[in-house]
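The next block holds one structure in the form of structure tokens; read it before the comments.
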Amino acid sequence: MDPTHSTVIEPKELQGRWRWLAGGMAVLLTMAVVGGLVYLRLGVSKRPDETRGVSTVTGIDFKCRLPVIAGASGGFISFPDGAITIDPTVNVNFYKGGYGFTYDAQVGKWVPVPKSALSPDLRYYAYLAQTTGVPGETASMSLHTHEIVSGKDRVVWEGGGSPMGPNFVTWLPGGIYFSTVLGDATGPIGPVFPSIYVADPNKPGTPRRVGPNPPPQPPSPGQSNYSGPDVFTLVGGGAAWATGNRVPTEAPSPDKPPAPGTFGPDRIMRMDLRDGSLSTWYSVSTTELVSLAGLDEQGRPILALFQPTFKKDAAALNGPPAVRMLLLTGAGQTTEITSANPDFHPGTSPSADSHGIWFGSWNSLWLYTQGAGFRQVATIPAGVFPSPSPPPMYQQKGPMPSGAGPAMPSYMQGTLVTPAGSCT
């Protein structure tokens, strides 16, 4: 079969690009916002890292070097001495693109994808590319593998479809999994829903649909969209994971915010990668919202729970609400990572390795291990990492109006530190 002209199976289900949004997803954690606003530009030449400062390290007795993205640069924080080095070949622009970023210690290079997209042998990474389609028709996209050392790029599959996001790619021993809407590139746009697909990197061709099974019910006559199907964005531990949303009981009002507990994500859904079957593994018992923050090294979901706030709430003036972090260890089984710690403000997705789960925040790094629990392990001095320059449209012209407060809470005016790989 010619992979450049592959047809997509199950044509009744897959007829166009993504046309719906699950209800109640207006409230997002800062980590989701930051993760989609970063563009990583890698320098061509290899230059030695520059030592820039020392962080204050506590509670670490092992030796390793953690890659991080912070400010406008990529670099490393060494443990237990706290030395901070900057890699001058990495330039981060927070106002372009939507890519992940990882330091692959196996080959000693930064790559423009999240850790999940690396091959099991860490020699390749996978990514989705999309081109704009003709108005009214489905766009086209392609799945690629990229050999990191040689730079050789290979197309595994291309056809009609719309990926759910550049970061929703996971390379496991069983294949490359991704979340997307596939369809005929020349067909009309119609009501559709995203699914998880898997491709064999060694056999170019049409990806196999994994699930969800059974698929969501089609829209009733007169309705244009599916009724809020779940979007599976993380894959690991033999499953794909999604948040499920409460169904609003009344129409939204621009003058009155909805009551807590009547909107937003309230459960975690598990899709078995063997047959696509679905089950609910966690349900919120209060008015909190739940978010998928990431996966641990075993592929178990890391959950973030928080109370919703609105612009008129006093709590909203101080930034995002306090967050509880849980590790989902089984169906209905959780281990608390941390309660709503007022000193911890999650701003990025965590990164797991053999040492535990690393969490980034402003001017700090945190580590969770089963034995020692959750603790702050590094404090980064201000000004060590160069700050990104905002585009001209973001620059303040003239003095700030009288009585105007800062655009962000004080803790967010520091340097956001993002773990970007394993500590080796």
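A 4.5 Å side-chain heavy-atom check between T369 and R375 finds at least one atom pair inside the cut-off. Inter-residue side-chain proximity for H146 and P112 is flagged as unmet; no heavy-atom pair is nearer than 4.5 Å.
In this view, F374 and F344, F359, W366 satisfy the ring-ring contact (aromatic ring centres under 6.0 Å, His included) rule, not counting sequence neighbours. Taking T334 as the reference, nothing meets the side chain to side chain donor-acceptor pair (under 3.5 Å) condition, with sequence neighbours excluded. Partners of S150 by side chain to side chain donor-acceptor pair (under 3.5 Å), not counting sequence neighbours, listed by chain and number: E147. Residues passing the side-chain contact (heavy atoms from CB on, under 4.5 Å) test with L122, sequence neighbours excluded: D104, Q106, L118. For D343, there are no salt bridge (Lys or Arg N to Asp or Glu O under 4.0 Å) partners at least two apart in sequence or on another chain. Considering only residues two or more places apart in sequence or on other chains, R300 meets the side chain to side chain donor-acceptor pair (under 3.5 Å) condition with D296. For the salt bridge (Lys or Arg N to Asp or Glu O under 4.0 Å) test, residues two or more places apart in sequence or in another chain that qualify with D272 are R270, R274. Residues that satisfy the side chain to side chain donor-acceptor pair (under 3.5 Å) test with S422, not counting sequence neighbours, are K115.
S361 places a side-chain N or O within donor-acceptor distance of the main-chain N or O of H345, the cut-off being under 3.5 Å. With hydrogens and angles disregarded, no donor-acceptor distance shorter than 3.5 Å links the side chain of R209 to the backbone of G276. Remark: side-chain polar atoms of S55 are paired, donor with acceptor, to backbone N or O of G82 under 3.5 angstrom. Of the possible polar contacts, none joining the D87 side chain to the G74 backbone as a donor-acceptor pair under 3.5 Å is found. Proximity of a side-chain donor or acceptor of W241 to a complementary backbone N or O of G236 within less than 3.5 Å is detected. T102 places a side-chain N or O within 3.5 Å of a backbone atom of V113 that can act as its donor or acceptor partner. Of the possible donor and acceptor atoms, none in the side chain of S351 sits under 3.5 Å from a partner among the backbone N and O of A420.
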Side-chain donor-acceptor pairs of residues 376-386 under 3.5 Å, sequence neighbours excluded:
residue	atom	partner	partner atom	Å
Q376	NE2	T379	OG1	2.8

May I have the list of side-chain donor-acceptor pairs in residues 277-288 shorter than 3.5 Å, sequence neighbours left out?
residue	atom	partner	partner atom	Å
S277	OG	D275	OD1	2.8
S279	OG	W281	NE1	3.2
T286	OG1	E288	N	3.2
T286	OG1	E288	OE1	3.4
T287	OG1	Q307	OE1	3.0
T287	OG1	Q307	NE2	3.4
E288	OE1	R324	NH2	2.7
E288	OE2	R324	NE	3.2

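The side chain to side chain contact (heavy atoms under 4.5 Å, CB included) test with W171 is passed by exactly one of Y177, Y124, F178, Y125: Y124.
Applying the salt bridge (charged side-chain N to carboxylate O under 4.0 Å, His left out) test to pairs two or more places apart or on separate chains, none has a residue in residues 356-369. Among residue pairs with one or both ends in residues 231-243, none qualify as salt bridge (charged side-chain N to carboxylate O under 4.0 Å, His left out); sequence neighbours excluded.
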